[in-house]
S.K.: 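Below are the structure tokens for one structure; questions will follow.
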Number of protein chains: 2
Amino acid sequence: MSKENHTDTRVLILDIAIPLFAEQGFSGVSMRNIANKVGISAAALYHHYPDKQSLYLAAMERAFADKAEGITAAARQSGPIEDRLYAYVKSFTKLMANDPNFRTLFQRELLDGDESRLQLLADKVFGEAFKAMTELASELDPDGDPHLLAISMAGLVLFHFETEPVRRFLPGGLKKHSNLKVVTEHVYNLLAHMLIKKT
Amino acid sequence: MSKENHTDTRVLILDIAIPLFAEQGFSGVSMRNIANKVGISAAALYHHYPDKQSLYLAAMERAFADKAEGITAAARQSGPIEDRLYAYVKSFTKLMANDPNFRTLFQRELLDGDESRLQLLADKVFGEAFKAMTELASELDPDGDPHLLAISMAGLVLFHFETEPVRRFLPGGLKKHSNLKVVTEHVYNLLAHMLIKKT
DNA sequence: GTCTATAGCCTGATAGAC
DNA sequence: GTCTATCAGGCTATAGAC
């Protein structure tokens, strides 16, 4: 039916490569590393992907596919703005807490992504979700800059997970501080102050 | 006087290596890359540092030295809490805006740092500054968790710079959104809502 | 679709002359 | 303190058998 012959191996390779690239980055992972874990030779990898770059891009596409849809839906659900804000924070936090590969690869792309990869990230992964977030931001603070507030709303969540490995060495750092519910409540309460001020 | 013979070259190597490691990460930079830029042979590098790992650690130590002192001082200056909060946000934003190598290396260490490197980061680089931030957080929200709020206060600033390469592809993204003053005012206003609620 | 073998290059690191 | 030369091994990628 389709032009290409999609075998199980083709996808299996990506599912093995994704956590490897997340943990060690593009230049930290070799084709042999991936091949060994898949259980085939490095040469066989080249039957499925023409080169390492293509394999990496295919892995990113799979790792990033449809990940932000829950966030978009949460920010746009019906109901009072408090509920939408809470649903947004919860779904964003959930994504970060439950999919560490996604989060890590996103961080790595921010550091290492070239122009075209960043454009893809902005358009296909976060485009619609970010638009929904700016709409929410406009309601939260009609006089402010929605882009700035949307970025803040995202950073507020992400940074709690980004700093997880180092926080246990910082004063007051506890295990519960990476807990989904704890982060959700904290960030929601912080952002909800804007509403309290307005009403 | 000192046991080791500190030549200019020893420091020059680090100042060349720091931006390279920031841009391409540990595994993306070779000893030959560094040597070429310094203008010496790769073998000469090994006269100054026993191996690549040691050179990298020395580069981190130099890149991170005394960077957080301004933040500590700002958070602990005398005056009303509004002023201290503003001074903190401004000094943190300044550091992130003016020292991209520092910021990038910090992000990379969060991704790739092993236990001992993260401990060093927590103790020597951010230890005192983070303590000052938790004290500020306690004043801002006496009923909240100061560790959580301190993390939020940092993430709120950092994320605006972390996302700089991708924001121009997102709706509403403008050049001014990485501007020092714009970010400072935005983050300060956001955090100040907590004060308004309390007073 | 997978293998072995290998080309050609880059890697970290060392030896020894100057 | 820097050099050239080199080692041993890893890297991406290809050739060709099965």
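Residue numbers start from 1 in every chain, and the chains themselves are labelled A, B, ... in the order their sequence lines are given, proteins ahead of strands. Nothing here was measured: the structure is a model prediction, and the numbers come from that model.
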S.K.: Not counting sequence neighbours, list each pair that qualifies as a salt bridge (charged side-chain N to carboxylate O under 4.0 Å, His left out) and has a residue in residues 21-49 of chain B.
M.R.: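 Listed by first then second residue: nothing to list.
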
S.K.: Atom CG of B/Asp8 and atom P of D/dT2: how far apart are they, to the nearest Å?
M.R.: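 That distance rounds to 10 Å.
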
S.K.: I'd like to know if A/Glu135 and A/Arg76 make a salt bridge, using a cut-off of under 4.0 Å between side-chain N and carboxylate O.
M.R.: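 Counted as a salt bridge, because a side-chain N and a carboxylate O are separated by less than 4.0 Å.
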
S.K.: Within residues 23-37 of chain A, which residues have any heavy atom lying less than 4.0 Å from an atom of DNA chain D?
M.R.: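 Those residues whose heavy atoms fall under 4.0 Å from DNA chain D, taken from residues 23-37 of chain A in numerical order, are A/Val29, A/Ser30, A/Met31, A/Arg32.
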
S.K.: Output the rounded distance in Å from NE2 (B/His47) to C1' (C/dA13).
M.R.: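 After rounding, the gap between these two atoms is 16 Å.
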
S.K.: Assess whether a salt bridge exists between B/Lys90 and B/Asp83, defined as any Lys/Arg side-chain N lying under 4.0 Å from an Asp/Glu carboxylate O.
M.R.: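 No, no charged N to carboxylate O under 4.0 Å.
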
S.K.: Quick one: A/Leu45 CG to C/dT4 P, roughly how many Å, whole number?
M.R.: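 The distance from CG of A/Leu45 to P of C/dT4 comes to 14 Å, rounded to the nearest Å.
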
S.K.: Are A/Phe159 and B/Phe159 close enough that their ring centres sit under 6.0 Å apart?
M.R.: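 A/Phe159 vs B/Phe159: aromatic centres not under 6.0 Å.
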
S.K.: Rounded to the nearest 0.5 Å, what separates atom CG in B/Leu95 from atom CD in B/Glu69?
M.R.: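 Answer rounded to 0.5 Å: 11.5 Å.
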
S.K.: Side chain of A/Ile40: nearest nucleotide among C/dT2, D/dT12, D/dT2?
M.R.: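 Among C/dT2, D/dT12, D/dT2, the one nearest the side chain of A/Ile40 is C/dT2.
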
S.K.: Separation of B/Tyr49 atom OH from C/dG12 atom P, in whole Å?
M.R.: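 That distance rounds to 16 Å.
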
S.K.: Out of C/dA13, C/dC3, C/dT2, which nucleotide sits closest to the side chain of A/His48?
M.R.: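 That would be C/dT2.
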
S.K.: Among the nucleotides D/dT4, C/dT4, D/dT2, which one has an atom lying closest to any side-chain atom of A/Ser41?
M.R.: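 The closest nucleotide is C/dT4.
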
S.K.: Under 6.0 Å from the ring centre and within 45 degrees of the ring axis: does the NZ or CZ of A/Lys52 meet both conditions for the six-membered ring of A/Phe26?
M.R.: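 Pair A/Lys52/A/Phe26 counts as cation-pi.
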
S.K.: How are the rings of A/Tyr86 and A/Tyr188 set to each other: parallel, tilted or perpendicular (split at 30° and 60°)?
M.R.: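 Answer is perpendicular, since the angle exceeds 60°.
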
S.K.: Using a cut-off of strictly less than 4.0 Å between a heavy atom of the residue and any atom of DNA chain D, enumerate the qualifying residues of residues 52-62 of chain B by number.
M.R.: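 Within residues 52-62 of chain B, no residue comes under 4.0 Å of DNA chain D.
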
S.K.: Return the nearest nucleotide to the side chain of A/Ala43; candidates are D/dT2, C/dC3, D/dA13.
M.R.: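 Nearest nucleotide to the side chain: C/dC3.
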
S.K.: Which class fits the ring pair B/Phe92 and B/Tyr88: parallel under 30°, tilted 30 to 60°, perpendicular over 60°?
M.R.: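 Ring orientation, 0 to 90° scale: perpendicular.
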
S.K.: Find out if a path of hydrophobic residues (ILVMFWY) with successive side-chain heavy-atom gaps under 4.5 Å connects A/Leu120 to B/Phe169.
M.R.: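 In one cluster with A/Leu120: B/Phe169, no.
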
